[in-house]
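Presented below is the structure to which this report refers.
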2 protein chains.
Amino acid sequence: MTDLNEPLTQEQKSPEAKLRGNGRPARKRASVPEAKLLEFAELLFFAYRDFTRDPDAILKDFGFGRAHHRVLHFVNRHSGLRVVDLLDILTITKQSLSRVLKQLIDQGYIVQQAGSSDRRERLLFPTDRGRALAERLAAPQSVRLASALKAAGPGAEAILRRFLEAMVNAEERPKVSSIMASSPVPLKEGGKEEEA
Amino acid sequence: MTDLNEPLTQEQKSPEAKLRGNGRPARKRASVPEAKLLEFAELLFFAYRDFTRDPDAILKDFGFGRAHHRVLHFVNRHSGLRVVDLLDILTITKQSLSRVLKQLIDQGYIVQQAGSSDRRERLLFPTDRGRALAERLAAPQSVRLASALKAAGPGAEAILRRFLEAMVNAEERPKVSSIMASSPVPLKEGGKEEEA
DNA sequence: GAAATAAGTCAACATGGCTGACATAAACGA
DNA sequence: TCGTTTATGTCAGCCATGTTGACTTATTTC
């Protein structure tokens, strides 16, 4: 909304200002003004801040943190993925992943199964218990998303999808598409599910 | 609190299932199906993951972290805000804020000024240096947002704004609006700006 | 003048990132 | 067949940033 140009507090403008020329776009297409872009950045911060609130509260009761949620989510939604896939998705080191994954396995939320074609691989699957927790964590987020999409108005789904996809690093997009396309693979029975 | 069920050794329990009834929405309006909502949740994760990447890399060169970015951003965009405002925005404790704020002040990115009507208050302002860093951190994010908005297509701005606003907790919305409406307040001269 | 408020500080602790080094099993290539 | 690469796991320690709790200092307010 309004607010436009942004006062510029002091004067003499300070050093940088090397990327943005001035205050007026002038040439080029009517691209979104800088000030408006920064508002979107802020809104994104607030939206994400609250998006994670509900699951965080639930996780606390289980002695887990947000890192556990991320792992459990992707294992549940794309079960059968490998450890290396998870590392790639989360963009963390295997040592970091190891810590939370181990806890989820030890406490019976996730099980591993050696890959059939490559037995070095450890494919990850949620247990019933893991699915239950994943769904419980997802529930408030789904409610929030559904109501926000509704509030956004008609056409929001397609536009938001394009927006979010374009926010991802270009080189990462094929990877993200491929992950999102991967349906959950059923756990092969017969392996030692060490429980259940 | 609660502590409820907790680990409970094996499964044989599958606690959840209490929030979601089944798999079919059946009645109600044609709301977005659960699976699609979870895709948006994933996309939001990927988008935010990459949204923070560029500034994180820059911050590293300065010996700062994401927490410094958040503080500097809000002080720059809404200069003159009080410490308590910042706590409210970030939803962290003052001890957490204190650590990063102190560093930003000590290193000349932010200055404080006692409030004129209430001298207990410490109003926060960016220095030239602080503004410069804030803008440098914002630049790649603005580029990303601008291109994502363009990719989203016509009408994206209004829809995205409504979506993001609705993603914020309802009780928080007035606060967020008020923050976003607050233009930067100029630093009153006479204080000691210790650099520039 | 007492109480409430804004801010700051110290200390201890938890989570979840990181690097580096190294181990094991399985697959692969020459 | 053997040596290398790959997928995974693990130990040890460090860092950033969140937490709680206790307490101090100004300043405003009643």
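Worth knowing before you read on, the calculation uses all heavy atoms, side chains too, and leaves out hydrogens, waters and symmetry mates. Quick caveat, the model's predicted, so the values are computed rather than measured. Chain letters run A, B, ... following the sequence lines, proteins first, then strands; residues in each count from 1.
If you find the closest nucleotide of DNA chain C to Arg66(A) and to Arg82(B), the one lying nearer the 5' end belongs to Arg82(B).
As rounded to whole Å, 20 Å separates atom P of dA26(D) from atom CD of Gln113(B). Rounded to whole angstrom, the span from the CZ atom of Arg49(A) across to the P atom of dT17(D) amounts to 19 Å. Following rounding to the nearest Å, Arg122(B) (CZ) and dT5(C) (C1') show an atom-to-atom distance of 13 Å. To the nearest angstrom, P of dG16(C) lies 17 Å from CG of Asp56(B). Distance NE2 (His69(B)) to P (dT17(D)): 13 Å, rounded to an integer number of Å. At whole-Å resolution of the value, CG in Leu124(B) and P in dA6(C) are 14 Å apart. We find that CG of Leu101(B) is positioned 16 Å from C1' of dA16(D), with the value rounded to whole Å. Here dA26(D) presents its P atom at 19 Å from CG of Leu123(B), a figure rounded to the nearest Å.
Here the straight-line distance linking atom CZ of Phe45(B) with atom OG1 of Thr52(A) works out to 12.0 Å at 0.5 Å rounding.
At dA16(D), none of the side-chain N or O atoms of Arg70(B) fall inside 4.0 Å of OP1 or OP2 (strictly under the cut-off). Contact between the side-chain N/O atoms of His68(B) and the OP1/OP2 oxygens of dT17(D) is found at a separation under 4.0 Å. Contact annotation: Gln112(B) does not reach the phosphate of dA7(C) (side-chain N/O to OP1 or OP2, under 4.0 Å).
Using a 30° and 60° split on the angle between ring planes, His78(A) and Phe74(A) fall in the parallel class, below 30°. Between His69(B) and His73(B), the angle of the ring planes goes over 60°, which puts this pair in the perpendicular group of the 30/60° scheme.
Residues Ala138(A) and Leu38(B) come closest through the heavy atom pair CB-CD2, 3.7 Å. The nearest pair of heavy atoms linking Met167(A) to Arg144(B) is O-NH1, 2.6 Å.
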Protein-nucleotides 27-30 of chain C N/O pairs under 3.5 Å:
| unit_1 | atom_1 | unit_2 | atom_2 | d |
| --- | --- | --- | --- | --- |
| dA27(C) | OP1 | Arg119(A) | N | 3.1 |

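Salt bridge status for Arg82(A) with Asp85(A): present, with a side-chain N to carboxylate O gap under 4.0 Å. The residues Glu172(B) and Lys175(B) are annotated as salt-bridged, a charged nitrogen and a carboxylate oxygen being separated by less than 4.0 angstrom.
Within residues 83-100 of chain A, the residues that have a heavy atom under 4.0 Å from DNA chain C are, in order of number, Thr91(A), Ile92(A), Thr93(A), Gln95(A), Ser96(A), Arg99(A).
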Kindly determine whether Arg131(A) and Asp128(A) satisfy salt bridge (charged side-chain N to carboxylate O under 4.0 Å, His left out), including the steps that lead there.
-> CA-CA 5 Å; Arg131(A) 256 186 303 276; Asp128(A) 286 347; 2.5 Å; yes

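Residues forming a side chain to side chain contact (heavy atoms under 4.5 Å, CB included) with Thr93(B) (at least two apart in sequence, or on another chain): Gln95(B), Ser96(B).
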